[in-house]
Amino acid sequence: KAGVTQTPRYLIKTRGQQVTLSCSPISGHRSVSWYQQTPGQGLQFLFEYFSETQRNKGNFPGRFSGRQFSNSRSEMNVSTLELGDSALYLCASTPQGSTDTQYFGPGTRLTVL
Amino acid sequence: GQQVMQIPQYQHVQEGEDFTTYCNSSTTLSNIQWYKQRPGGHPVFLIQLVKSGEVKKQKRLTFQFGEAKKNSSLHITATQTTDVGTYFCAGLHAGNNRKLIWGLGTSLAVNP
């Protein structure tokens, strides 16, 4: 099976802009979770989508949003970018839910200038 | 709130030395997962522990789950340069609020 794919792999934006990241899960996996990873902060859970519905949410502001399509592909959007949003954004897919073994994609490295 | 503390934050060893990272939870866990992230890479699942007192081995890696299911450890015997990376634990808290809580990771550097 192909692994989790994420596009784009690298992105440079300026403050105030918005960005959309994409994640394609492993075939057959219905749950997609998104994480933000920054040095010293580890993996911060953003949200989980399952069957096109947001099932779990972390403690991030409303500027961070996501959605999932019927083919389980997911997108996350960050509006009004801030310098502190610079991070590696990882998505992980699992067959059933965000508490199962996480299969991570390679991540999108976002730099906000 | 629910936390998983992971120590140490960094560890620098000579190749051939042993290495251990510890995770401690403030509440009882249903299970704990371990992941490894190589520099520039993404986290990769290593193992899941479920039973109280469980011990699992993967070649030079030994994983333990405490009797009270509140702590866990990963021990690497005779480290190699291929062991370099950050090791994360992620605990699933028992009870209704089923969320995976991640430790901050232990970064391992190995001197050849």
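Every chain is numbered from 1 and lettered A, B, ... according to where its sequence line falls, protein lines coming before strand lines. Since we're looking at a predicted model, the values are computed, not measured.
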Decide yes or no on side chain to side chain contact (heavy atoms under 4.5 Å, CB included) for A:Gln37 and B:Gln37, but give the supporting numbers first.
CA-CA 12 Å; A:Gln37 186 175 35; B:Gln37 183 174 22; 2.8 Å; yes
Closest non-hydrogen atom pair between B:Leu100 and A:Asp100, with its separation:
CD2-O, 4.5 Å
What part of A:Leu43 is in contact with chain B, defined as an atom under 4.5 angstrom from a non-hydrogen atom: side chain, backbone, both or neither?
both
Is it true that, when you exclude A:Arg15 itself, more than 12 heavy atoms of the residues, nucleotides or ligands shown sit nearer than 6.0 Å to its CZ?
no
When you measure from the side chain of A:Tyr103 to the backbone of B:Val44, do you find a donor-acceptor pair of N or O atoms at a distance under 3.5 Å?
no
Is the number of heavy atoms from other residues, nucleotides or ligands under 6.0 Å of B:Tyr22 OH greater than 12?
no
Quick check: are there more than 12 heavy atoms from other residues, nucleotides or ligands sitting under 6.0 Å from NZ of B:Lys57?
no
Straight-line distance of B:Gln48 CD to A:Thr101 OG1, nearest 0.5 Å:
5.0 Å
Between A:Phe104 and B:Tyr35, is any pair of side-chain heavy atoms under 4.5 Å apart?
yes
A:Asn71 atom CG: more than 12 heavy-atom contacts under 6.0 Å
yes
State, with a plain yes or no, whether a side-chain heavy atom of B:His42 is found less than 4.5 Å away from one of A:Val4.
no
Linked, directly or transitively: A:Met76 and A:Leu110 (ILVMFWY side chains, under 4.5 Å)
yes
Under a single-linkage definition using a 4.5 Å side-chain heavy-atom cutoff for Ile, Leu, Val, Met, Phe, Trp and Tyr, are B:Leu49 and B:Phe45 assigned to the same hydrophobic cluster?
no
Taking every non-hydrogen pair under 4.5 Å, which of B:Pro43, B:Ala90, B:Gly103 racks up the most with chain A?
B:Pro43
